[in-house]
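All remarks here apply to the structure that follows.
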2 protein chains.
Amino acid sequence: MSQQRHGSTPGNAPGDRAGAVTAFPDLPEATIARLPEYLRALHNLGEGGADTVSSEGLAAAAGVNSAKLRKDLSHLGSYGTRGVGYDVALLIEQIEYVLGLDQRRAVCLVGLGNLGHALAGYDGFASRGFKIVALFDADVSKVGEEIQGLTVRHIEDLGRVAVEENIAIGVIATPAGAAQTVADVLVDAGVTSILNFAPCVLSVPANVDVRKVDLAIELQILSFHEHRKASLTALPGGRSATAAGNQEAVGS
Amino acid sequence: MSQQRHGSTPGNAPGDRAGAVTAFPDLPEATIARLPEYLRALHNLGEGGADTVSSEGLAAAAGVNSAKLRKDLSHLGSYGTRGVGYDVALLIEQIEYVLGLDQRRAVCLVGLGNLGHALAGYDGFASRGFKIVALFDADVSKVGEEIQGLTVRHIEDLGRVAVEENIAIGVIATPAGAAQTVADVLVDAGVTSILNFAPCVLSVPANVDVRKVDLAIELQILSFHEHRKASLTALPGGRSATAAGNQEAVGS
DNA sequence: CGCGATTTGTGCACACCTTCACAAGCGCCT
DNA sequence: AGGCGCTTGTGAAGGTGTGCACAAATCGCG
Ligand SMILES: NC(=O)c1ccc[n+]([C@@H]2O[C@H](COP(=O)([O-])OP(=O)(O)OC[C@H]3O[C@@H](n4cnc5c(N)ncnc54)[C@H](O)[C@@H]3O)[C@@H](O)[C@H]2O)c1
Ligand SMILES: NC(=O)c1ccc[n+]([C@@H]2O[C@H](COP(=O)([O-])OP(=O)(O)OC[C@H]3O[C@@H](n4cnc5c(N)ncnc54)[C@H](O)[C@@H]3O)[C@@H](O)[C@H]2O)c1
């Protein structure tokens, strides 16, 4: 769900009902949230030498139900072959196209503290179709610092650089108190997608998408389940452990 | 959704149908995922000096619909007062109890690379009911390093330390290739909740909850929306910008 | 060339979630 | 004491997502 309503009413554009050049077959949110997982599983399988995968196999690798996977793929008009499965390379291409990963998107990172440094040094960006093209901070003692070949710039330059570099995605790694201000700056600069690590709610215009990653929330959800499990363990004796039991890891 | 089915069939425990001491009024997953957000908003409001909040006000601060918020709170039998609103302090207490935050949970962190260092230095743990009590790594050159007052231990010690410190939650910040192995070790040690930062699917016994944080997935979802927005902007002239427009930030 | 094994794509039923709309309850003011 | 405005709690409706089960399609083999 995130927190942003995206398109206005999707309503079928009256007029060109012939060529579906315009929009996407409006995929369900739940589906698009799973596509990246499928993609990763496919890359793993491909590196493992597989040419085709069955929905069953891919579903297992992605940790989902196979019917769900088939339905997801059918939504994007995917080309599977009955009796055989899906062509790995083709499916990768398809998903990458739908996700818009064929064009390497420029990302900027704002806030180079603890977390920002880790993110800047993360190779998971480049390996998945993204490129960090600029780093910003408000702290003048940080400006000028070189990280992974990029120089930290002052946030005042964001507007100019964003246009120059055609930045579409901004990542916020500042304290919560500064996040809304930074978001405003990003929006002003024409950035239309924001990934927010600060624990706060951002308000942005309707055409901007925001996704949030919040460590504390994840832990608190886990805490709830711990609490619940503990209250259930009241009766049964101790813990039956059940260690061991795990099959098929993902990677090689 | 995450990826774990939690309790087996919740089925009302046969026998003590009198006192509802046992489990929780099985809150909807969607609700418990929002409780932490409400909690944070409440803390902000409380620090701002508010004694009570209306569902409207709290919903705005948490970025949700007010009807949804009321229904969520009603699920946990919350005590609001019609015509007035919710008592901030009381509601905080309620939610913290439900989430099991009244008991400070011990967390361990495995993998002290780039990300692990940032997490170890993060104060958002302590301020939200969690305490990192141990750090583990497999790299002997990292073992012994002192971070934020904690010494990095070898992962072989995890089993022993987990019991000693009563660790319930484990955070995995190792490369994907090692994540499943680490998860197995955690499970063996009796850890029943895992937060995984590695981009891979973990398989664990049914009684263990796993939540995943995956940066690349978030970015790819944003990329999809960018792609979609771009395909819609084909017709309309340029961008109407709409910068400015934002109201009420969260914090003070 | 036909048959059976295999696997996709999907109709359907169900469960969960969201949102509206409103009655019931509460406190304040006169 | 009574009325009035405000806010909660919830019934009902609609939407979204899930998973089963099966027909349709494809391949390989004899
Ligand atoms: N460290 C973690 O592991 C971690 C984990 C999850 C979430 N977070 C969140 O991420 C955010 C950053 O955490 P951190 O530990 O890196 O904090 P930090 O204090 O180490 O770094 C914050 C950085 O943001 C910069 N900054 C402050 N105001 C700014 C502004 N207006 N414009 C641009 N830059 C600005 C600061 O100069 C600093 O470099 C926080 O909101 C934190 O809650 C951190
Ligand atoms: N750096 C980031 O910003 C970032 C962001 C999102 C996700 N991630 C993910 O988090 C994970 C860690 O990223 P990183 O950049 O810190 O990597 P890193 O290589 O810097 O650190 C990995 C650490 O794990 C340790 N390790 C390896 N195998 C181990 C094992 N079997 N047991 C215990 N420890 C082991 C290594 O010694 C190393 O210290 C990766 O999976 C990465 O994809 C990182």
Side-chain angles (χ1 to χ4, degrees), chain A residues 1-7 9-11 24-35 37-38 42 45 50-88 90-91 94-95 221, chain B residues 1-7 9-11 24-35 37-38 42 45 50-88 90-91 94-95 221:
Chain A
M1 61 91 175
S2 309
Q3 59 239 61
Q4 207 61 26
R5 170 123 311 105
H6 344 291
T9 44
F24 274 93
D26 65 327
L27 308 181
E29 266 304 298
T31 293
I32 74 160
R34 281 186 294 263
L35 290 181
E37 200 73 61
Y38 302 157
L42 283 165
L45 290 168
D51 280 346
T52 62
V53 230
S54 68
S55 64
E56 203 76 41
L58 182 52
V64 303
N65 180 303
S66 70
K68 198 189 312 200
L69 178 133
R70 286 198 299 276
K71 188 157 291 187
D72 282 342
L73 295 185
S74 78
H75 278 133
L76 44 90
S78 154
Y79 288 36
T81 310
R82 298 178 186 216
V84 177
Y86 298 90
D87 183 287
V88 173
L90 179 64
L91 196 48
Q94 282 264 329
I95 295 180
I221 292 172
Chain B
M1 58 94 174
S2 310
Q3 59 240 63
Q4 207 61 24
R5 171 122 310 106
H6 342 292
T9 44
F24 274 93
D26 65 326
L27 308 180
E29 267 302 302
T31 294
I32 74 160
R34 280 186 296 263
L35 290 181
E37 199 72 62
Y38 301 158
L42 283 166
L45 289 167
D51 280 345
T52 62
V53 230
S54 68
S55 64
E56 203 76 42
L58 182 52
V64 302
N65 181 305
S66 71
K68 197 188 314 198
L69 179 134
R70 286 199 298 278
K71 187 152 289 187
D72 282 342
L73 295 185
S74 78
H75 278 133
L76 43 90
S78 156
Y79 288 36
T81 310
R82 297 177 187 221
V84 177
Y86 298 90
D87 182 287
V88 173
L90 179 64
L91 196 49
Q94 283 264 328
I95 295 180
I221 293 172

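Please read all numbers here as calculations on a predicted model, not as lab measurements. Chain letters run A, B, ... following the sequence lines, proteins first and then strands; every chain starts at 1.
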Exercise. Between residues 50-58 of chain A and DNA chain D, which residues have a heavy-atom gap below 4.0 Å?
Worked result: none

For this session: Output the distance between atom CG (B:Leu58) and atom CD (B:Glu37), rounded to the nearest 0.5 Å.
Result: 10.0 Å

Seminar exercise, completed: Here the gap from A:Leu27 atom CG to A:Leu76 atom CG, rounded to the nearest 0.5 Å, amounts to 6.0 Å

Exercise. Under the side-chain contact (heavy atoms from CB on, under 4.5 Å) criterion, do A:Leu73 and A:Tyr86 qualify, and how do the steps go?
Worked result: CA-CA 10 Å; A:Leu73 295 185; A:Tyr86 298 90; 3.7 Å; yes

Exercise. Residues two or more places apart in sequence or in another chain: which of them pass side-chain hydrogen bond (donor to acceptor under 3.5 Å, both in side chains) with B:Tyr38?
Worked result: B:Arg34, B:Asp72

Exercise. D:dT16 P sits how many Å from A:Ile32 CD1, rounded?
Worked result: 14 Å

For this session: Round to the nearest Å and state the distance from A:His75 atom NE2 to C:dG9 atom P.
Result: 12 Å

For this session: Nearest whole angstrom, please: distance from the C1' of D:dT7 to the OH of B:Tyr86.
Result: 9 Å

Exercise. Step by step, would you call B:Val53 with B:Leu91 a side-chain contact (heavy atoms from CB on, under 4.5 Å)?
Worked result: CA-CA 10 Å; B:Val53 230; B:Leu91 196 49; 5.7 Å; no

Exercise. Rounded to the nearest Å, what distance is computed from the CG atom of residue A:Leu27 to the P atom of nucleotide D:dT16?
Worked result: 14 Å

Exercise. Atom CG of B:Asp72 and atom P of C:dT19: how far apart are they, to the nearest Å?
Worked result: 11 Å

Seminar exercise, completed: OG of B:Ser55 to NZ of B:Lys71, rounded to nearest 0.5 Å, is 13.0 Å

Exercise. In whole angstroms, how far is the P atom of C:dG9 from the CG atom of A:Leu76?
Worked result: 10 Å

Exercise. Can you tell if the side chain of A:Val88 reaches within under 4.5 Å of the side chain of A:Asp51, non-hydrogen atoms only?
Worked result: no

For this session: Round to the nearest Å and state the distance from B:Asp26 atom CG to C:dC17 atom P.
Result: 10 Å

For this session: Sugar-phosphate atoms are those with a prime plus P, OP1 and OP2; base atoms are the rest. Using that split, label each nucleotide of nucleotides 20-30 of chain D B, S or - for protein heavy atoms under 4.0 Å, 5' to 3'.
Result: BB--BBBS---

Exercise. Got a second to check how far A:Ile32's CD1 is from A:Ile95's CD1, nearest 0.5 Å?
Worked result: 12.5 Å

Exercise. At what distance, to the nearest 0.5 angstrom, does CG of A:Asp87 lie from CD of A:Gln94?
Worked result: 10.5 Å

For this session: Send over the distance from B:Lys68 NZ to D:dT16 P, rounded to a whole Å.
Result: 13 Å

